[in-house]
Chemist: 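Before I ask anything, here is the structure I am working with.
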2 protein chains.
Amino acid sequence: MLTQRSRYALRALIFIARSGSIAPVPISVISADQKLPRKFLEIILLDLKNGGLVESYRGKSGGYRLAKPASQISFGEIIRLIEGPLALVPCVSVSAYQRCADCFEETTCVIRKIMLTVRDNTAAILDNTTLADLSIERAAA
Amino acid sequence: MLTQRSRYALRALIFIARSGSIAPVPISVISADQKLPRKFLEIILLDLKNGGLVESYRGKSGGYRLAKPASQISFGEIIRLIEGPLALVPCVSVSAYQRCADCFEETTCVIRKIMLTVRDNTAAILDNTTLADLSIERAAA
DNA sequence: CGTTATGCCTATCGGTTTGATAGGCAATTG
DNA sequence: CAATTGCCTATCAAACCGATAGGCATAACG
């Protein structure tokens, strides 16, 4: 299961992407429309900014904007940034590979084999769907 | 990422499945061979027992055995039992469906749409691979 | 019967993560 | 200068995670 943070991040980004406006979107607007806890959302947006997904502008008429075209921000990238690796075991993670503790032999491990399949499937889906692939429907999860 | 518990559960079950012996396998043997913390493994095996995946026998020459044929114990079932739902969001879980808090409309939610695809793909893999689908290679993750 | 090997129950524990809130500082606009 | 906005720091309770310890119940074996 994804953490609440990740779901909030997705909703916030989708909202920003859909707003389509050139003017940055303030936290208060996102939080009001999507009904997300304002202060908590602040932290998340800061992470998204540090991760290079959004730009922020301070002061009056400040707020957040996507840092790159919506077509270049995939669900996979968002989730990896906020949640961590897509992989179910560290030894099949591409973005954060790590040998499993107490692993006898990676090449012949059957658990690794199936987990690699799962990871590749998941990544194929999440990395190929971007914020631009959204129809008019409303984000709500 | 899976918790350590789930990885341990998988390794223990694979070990039992492979031992192939009719005699139950004691915790101490599993823990020694797979290098898993003994007391911790106890708790996990108890969960597996309560979940109907293994049978236990007390007393001398006691231990654990698979409660059904290895071909009927899938990775999906094991992970769901120890870890929880495969789904990334509650609203696409089949085994533990729950409407997302603050969801506007489930049918049109784009997050739900993609998460459903991911879940279905993951489930297809994990539910169709069983403890019987293991070659001679050694489990190690 | 008693010894021994085993699973089972209960309790505890420190550390980390999770979700969240509060207050004040910094910057920018007008 | 006032208003609005993001940013930084601190704090918090609750849950989760991985693990350990001790003793009780049960069954096999001689």
Side-chain angles (χ1 to χ4, degrees), chain A residues 1-12 16 19 21-32 34-51 53-67 79 82-85 88-90 100-102, chain B residues 1-12 16 19 21-32 34-51 53-67 79 82-85 88-90 100-102:
Chain A
M1 288 275 186
L2 295 180
T3 56
Q4 199 80 314
R5 297 168 80 93
S6 300
R7 266 170 273 172
Y8 288 173
L10 290 174
R11 289 175 64 176
I16 295 172
S19 81
S21 76
I22 309 169
V25 185
I27 293 185
S28 55
V29 173
I30 305 173
S31 132
Q34 291 290 308
K35 288 172 190 161
L36 307 180
R38 198 171 178 274
K39 276 295 191 176
F40 193 31
L41 184 56
E42 245 181 52
I43 303 170
I44 297 168
L45 282 169
L46 201 51
D47 287 342
L48 292 175
K49 181 198 158 203
N50 292 331
L53 297 191
V54 297
E55 295 170 337
S56 70
Y57 299 90
R58 288 187 171 195
K60 216 169 177 175
S61 78
Y64 293 87
R65 246 192 320 193
L66 299 186
I79 293 177
I82 302 295
E83 188 83 17
L88 291 178
V89 281
C100 296
D102 294 337
Chain B
M1 289 275 186
L2 295 180
T3 56
Q4 199 80 313
R5 297 169 78 93
S6 300
R7 266 170 271 170
Y8 288 173
L10 290 174
R11 289 176 63 176
I16 295 172
S19 83
S21 77
I22 309 169
V25 185
I27 293 186
S28 55
V29 174
I30 306 173
S31 132
Q34 291 290 307
K35 288 173 189 162
L36 308 180
R38 197 170 179 274
K39 277 295 191 177
F40 193 32
L41 184 56
E42 248 180 51
I43 303 170
I44 297 169
L45 281 168
L46 201 52
D47 287 342
L48 292 176
K49 182 198 157 203
N50 292 330
L53 297 192
V54 298
E55 296 170 337
S56 70
Y57 299 90
R58 288 188 170 194
K60 215 169 179 176
S61 78
Y64 293 87
R65 246 190 321 191
L66 299 186
I79 293 177
I82 302 294
E83 188 82 18
L88 291 178
V89 280
C100 295
D102 295 336

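In what follows, every heavy atom counts, from backbone to side chain, and hydrogens, waters and symmetry copies are set aside. Chain naming here is simple, since letters A, B, ... match the order of the sequence lines and numbering starts at 1 in each.
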Chemist: In whole Å, what is the span from the CD atom of A/Glu83 to the P atom of C/dT18?
Modeler: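 The distance from CD of A/Glu83 to P of C/dT18 comes to 7 Å, rounded to the nearest Å.
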Chemist: Determine: side-chain N/O of B/Tyr64 to OP1/OP2 of C/dC8, distance under 4.0 Å, yes or no.
Modeler: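 So the side chain of B/Tyr64 is within the cut-off, an N or O lying under 4.0 Å from OP1 or OP2 of C/dC8.
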Chemist: Would you kindly give the CE-to-P distance between B/Met1 and D/dC17, to the nearest whole Å?
Modeler: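 That distance rounds to 15 Å.
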Chemist: Whole angstrom is fine here: how far is it from CG in A/Leu2 over to C1' in C/dG19?
Modeler: 15 Å
Chemist: B/Pro26 has a side chain; which of D/dG6, C/dG7, C/dT4 sits nearest to it?
Modeler: C/dG7
Chemist: Is there side-chain contact between B/Leu48 and B/Ile82, with at least one heavy-atom pair below 4.5 Å?
Modeler: yes
Chemist: Take atom CG of B/Leu46 and atom C1' of C/dT10, then tell me their distance rounded to the nearest Å.
Modeler: 12 Å
Chemist: Just to confirm, is there a sub-4.0 Å distance from OP1 or OP2 of C/dA5 to any side-chain nitrogen or oxygen of B/Ser61?
Modeler: no
Chemist: Roughly how far, to the nearest 0.5 Å, is the CG atom of B/Asp102 from the OH atom of A/Tyr8?
Modeler: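 It is 6.5 Å, given to the nearest 0.5 Å.
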Chemist: With the side chain of B/Lys60 defined as its heavy atoms from C-beta on, choose the nearest nucleotide among C/dG7, D/dA28, D/dC17.
Modeler: D/dA28
Chemist: OP1 or OP2 of C/dA20 sitting under 4.0 Å from any side-chain N/O of A/Tyr8?
Modeler: yes
Chemist: Could you state the CD1-P distance from A/Ile27 to C/dT21, rounded to the nearest angstrom?
Modeler: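 Nearest whole value for this atom pair: 14 Å.
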Chemist: Would you indicate which nucleotide in D/dC7, D/dG18, C/dG19 comes nearest to any side-chain atom of A/Lys49?
Modeler: D/dC7
Chemist: I need the CD1-P distance between A/Ile16 and D/dG6, as an integer number of Å.
Modeler: 10 Å
Chemist: Both A/Gln4 and A/Arg58 contact DNA chain C. Which one's nearest nucleotide lies toward the 5' end?
Modeler: A/Gln4
Chemist: Can you tell if the side chain of B/Met1 reaches within under 4.5 Å of the side chain of A/Leu88, non-hydrogen atoms only?
Modeler: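 The answer is no, as the side chains (C-beta and beyond) never meet within the 4.5 Å cut-off.
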Chemist: Would you jot down, in residue-number order, the residues of residues 36-44 of chain B having a non-hydrogen atom under 4.0 Å from DNA chain C?
Modeler: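 Residues of residues 36-44 of chain B that come under 4.0 Å of DNA chain C are, in numerical order, B/Lys39, B/Glu42.
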Chemist: Can you tell me how far P of D/dC7 sits from CD of A/Glu55, to the nearest Å?
Modeler: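 Whole-Å distance recorded here is 12 Å.
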Chemist: Taking all heavy atoms of A/Leu66 and all of A/Glu55, pick out the closest pair and write down the distance.
Modeler: O-OE1, 4.2 Å
Chemist: In the structure I gave you, are the side-chain heavy atoms of B/Arg38 and B/Ile27 within less than 4.5 Å of one another anywhere?
Modeler: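 Side-chain contact under 4.5 Å: yes.
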Chemist: Counting C-beta onward and ignoring hydrogens, is there a side-chain heavy-atom pair between B/Arg5 and B/Asp47 closer than 4.5 Å?
Modeler: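 Yes. Closest side-chain heavy atoms under 4.5 Å.
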Chemist: From CD1 of A/Ile82 over to C1' of C/dT17, roughly how many Å is that when rounded to an integer?
Modeler: 15 Å
Chemist: So which heavy atom on A/Val89 is nearest to which on B/Arg7, and how close?
Modeler: CG1-CD, 3.7 Å
